[in-house]
Amino acid sequence: MADRIVVMNEARIQQIADPLTIATKPATELVARFMGDNNIIRGKVAERDGDRLIVEDERQVRASVRAPAAGLAVGEPAMVSIRAAAVQLDGDISRSLGLNSAECEIVFVEFLGDLVKLHLLAGGDRLLAKVPAERYPSLRGREGETIRISWKEEDVQLLDA
């Protein structure tokens, strides 16, 4: 295995980095999709406080991200990526939704042996969550139900346009 990876598209370099960085901090949407199971949220910068941006999509999914080098202003389009493995299931959906969370419908529960992949729908956005296999008995047969998911700010990556 390489200790440095170059991801290219149409003879243009998208990102050069070590495997961990490519997997956890993709620079572009193409790299995020290439690495698989990344949730992409497209929206606009709703708020900016120093190096912290709040990106909100049209369905009110709000993600906060630290972006010290980003010159994005409020109202400008922005895109973030959240790895499916970083998404956590929250038990209490009655809590008000805030930053870094979404209320989702379970579309499909996919048992993969060592983990469970949840195919979710938040408004019209498809999202993925990967949880440990021991959660399968409590998730099996729950398609159509509503759950709440969340993620940590450090797991959100601002993507280049």
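Values below: all heavy atoms of this structure, side chains included; hydrogens, waters and symmetry mates excluded.
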Check: Val87, Leu139: one ILVMFWY side-chain cluster at the under-4.5 Å cut-off?
Finding: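 As far as the 4.5 Å side-chain criterion goes, Leu139 and Val87 are connected within one cluster.
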Checklist line | Heavy atoms of other groups near Tyr136 OH, more than 12 under 6.0 Å | finding: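 Count over threshold, so yes.
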Check: Is there a donor-acceptor pair under 3.5 Å between the side chain of Asp57 and the backbone N or O of Gly43?
Finding: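 Flag not set: sc Asp57 to bb Gly43 has no pair under 3.5 Å.
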Notebook entry, point to check: In terms of hydrophobic clusters joined by side-chain contacts under 4.5 Å, are Val156 and Leu159 together?
Noted result: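 No; tracing contacts between hydrophobic side chains, which count when under 4.5 Å, never links both residues.
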Next item on the list: Report the distance from atom NE2 of His119 to atom CG of Leu121, rounding to the nearest 0.5 Å.
Entry: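 With rounding to 0.5 Å, NE2 (His119) is 12.5 Å from CG (Leu121).
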Next item on the list: Drop me the distance from Met35's CE to Gln15's CD, to the nearest 0.5 angstrom.
Entry: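 One finds 9.5 Å between CE of Met35 and CD of Gln15.
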Check: Just by modelled atom types, is the Gly123 backbone N or O under 3.5 Å from a matching donor or acceptor in the Glu103 side chain?
Finding: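 No; zero donor-acceptor contacts below 3.5 Å.
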Notebook entry, point to check: More than 12 non-hydrogen atoms from neighbouring residues, nucleotides or ligands closer than 6.0 Å to CZ on Arg142, yes or no?
Noted result: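 Result for CZ/Arg142: enclosed.
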Check: Hey, are the side chains of Glu29 and Arg42 touching, using non-hydrogen atoms and a 4.5 Å cut-off?
Finding: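 Yes, their side chains come closer than 4.5 Å.
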Next item on the list: Looking only at non-hydrogen atoms, find the nearest pair between Pro26 and Ala23 and report the distance.
Entry: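 Pro26 and Ala23 have their closest heavy atoms at CD-O, 4.3 Å.
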Margin query: When you compare the side chain of Leu127 with that of Cys104, does any pair of heavy atoms fall below 4.5 Å?
Written below: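 SC-SC contact between Cys104 and Leu127 confirmed.
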Note to self: Would you compute the distance between atom CZ of Arg4 and atom OG1 of Thr21 and round it to the nearest 0.5 angstrom?
What the structure shows: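 Reported value, rounded in 0.5 Å steps: 8.5 Å.
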Item checked: Heavy-atom pair with the smallest gap, counting every atom of Val116 and Pro132 ->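 Shortest heavy-atom contact: CG2-O, 4.0 Å.
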Notebook entry, point to check: Taking the side chain as C-beta and beyond, is there a heavy-atom pair between Trp151 and Gln88 under 4.5 Å?
Noted result: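 No; the side chains remain at least 4.5 Å from each other.
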Next item on the list: Before accepting this row, confirm whether a basic side-chain N of the pair Glu47/Arg62 lies closer than 4.0 Å to the acidic partner's carboxylate O.
Entry: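 So Glu47 pairs with Arg62 through a salt bridge.
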Notebook entry, point to check: For Thr146 and Glu105, does a side-chain donor sit closer than 3.5 Å to a side-chain acceptor?
Noted result: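 No, no side-chain donor-acceptor pair sits under 3.5 Å.
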Margin query: How close do Leu72 and Glu76 get, counting heavy atoms only, and between which atoms?
Written below: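 The pair with the smallest heavy-atom distance is CA-OE1, 3.1 Å.
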Item checked: Gap between atom OG of Ser150 and atom CG of Leu99 - 0.5 Å precision ->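 Nearest 0.5 Å value for the CG-OG distance: 11.5 Å.
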Checklist line | Nearest heavy atoms of Val74 and Arg48, plus distance in Å | finding: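 Taking every non-hydrogen atom into account, CG2-N, 3.9 Å.
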Notebook entry, point to check: Do you see a donor-acceptor pair shorter than 3.5 Å between the side chains of Arg83 and Thr24?
Noted result: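 There is no such pair between these side chains.
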Item checked: Student check: side-chain heavy atoms of Val7 and Ile22 closer than 4.5 Å ->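 Answer yes - side chains close enough.
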Margin query: Can you give me the closest heavy-atom contact between Val61 and Ser101, atom names plus distance?
Written below: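 Heavy atoms of Val61 and Ser101 come nearest at CG1-O, 4.4 Å.
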Next item on the list: For atom NZ of Lys117, decide whether the heavy atoms of other residues, nucleotides or ligands shown that lie under 6.0 angstrom number more than 12.
Entry: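 Counting other residues, nucleotides and ligands, NZ of Lys117 exceeds 12 neighbours.
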Notebook entry, point to check: Is a side-chain N or O of Glu143 found less than 3.5 angstrom from the main chain of Val109, in a donor-acceptor match?
Noted result: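 Yes: the side chain of Glu143 pairs with the backbone of Val109.
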Check: How about Asp90 and Ile147: do any of their side-chain heavy atoms sit closer than 4.5 Å?
Finding: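 Counting from C-beta outward, Asp90 and Ile147 never come under 4.5 Å.
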Notebook entry, point to check: Given the rule that I, L, V, M, F, W and Y join up when any side-chain heavy atoms are under 4.5 Å apart, are Leu128 and Val31 in one cluster?
Noted result: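 In one cluster with Leu128: Val31, no.
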Check: Do Thr28 and Gln14 meet the criterion of a side-chain donor-acceptor pair at a distance under 3.5 Å?
Finding: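 There is such a pair between these side chains.
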Next item on the list: Measure the shortest side-chain to side-chain distance between Glu153 and Arg52 over non-hydrogen atoms and say whether it is less than 4.5 angstrom.
Entry: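 Side chain of Glu153 against side chain of Arg52, heavy atoms only: contact under 4.5 Å found.
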Checklist line | Side-chain heavy-atom pair Ile16, Ile5 within 4.5 angstrom cut-off | finding: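 They are not in side-chain contact.
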Checklist line | Same apolar cluster: Leu30 and Met8, side chain cutoff 4.5 Å | finding: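 No, no single cluster joins them.
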Note to self: Applying side chain to side chain contact (heavy atoms under 4.5 Å, CB included) to Val6 and Ile13, what does each step give before you reach the verdict?
What the structure shows: CA-CA 7 Å; Val6 177; Ile13 294 173; 4.1 Å; yes
Item checked: Minimum side-chain heavy-atom gap Ile54-Val45 below 4.5 Å ->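 No. Closest side-chain heavy atoms not under 4.5 Å.
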Note to self: Testing the basics here: between Ala129 and Leu89, what is the closest heavy-atom pair and its distance to 0.1 Å?
What the structure shows: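 Closest approach of Ala129 to Leu89, heavy atoms only: CB-CD2, 4.5 Å.
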Next item on the list: Can you establish whether the number of heavy atoms outside Arg33 located under 6.0 Å from its atom CZ is more than 12?
Entry: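 Check passes, neighbour count above 12.
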Next item on the list: Verify the distance criterion only: is there a donor paired with an acceptor across the side chains of Ser64 and Asn100 at less than 3.5 Å?
Entry: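 Yes, because at least one side-chain N or O of Ser64 sits under 3.5 Å from a partner of the opposite role on Asn100.
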Check: Would Leu118 and Val107 show up in the same hydrophobic cluster when neighbours are defined by side-chain heavy atoms closer than 4.5 Å?
Finding: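 Different clusters: Leu118 never reaches Val107 through Ile, Leu, Val, Met, Phe, Trp or Tyr contacts under 4.5 Å.
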Next item on the list: Please round to the nearest 0.5 Å and tell me the distance separating atom NZ of Lys130 and atom CG of Leu115.
Entry: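 Output value for this atom pair is 6.0 Å.
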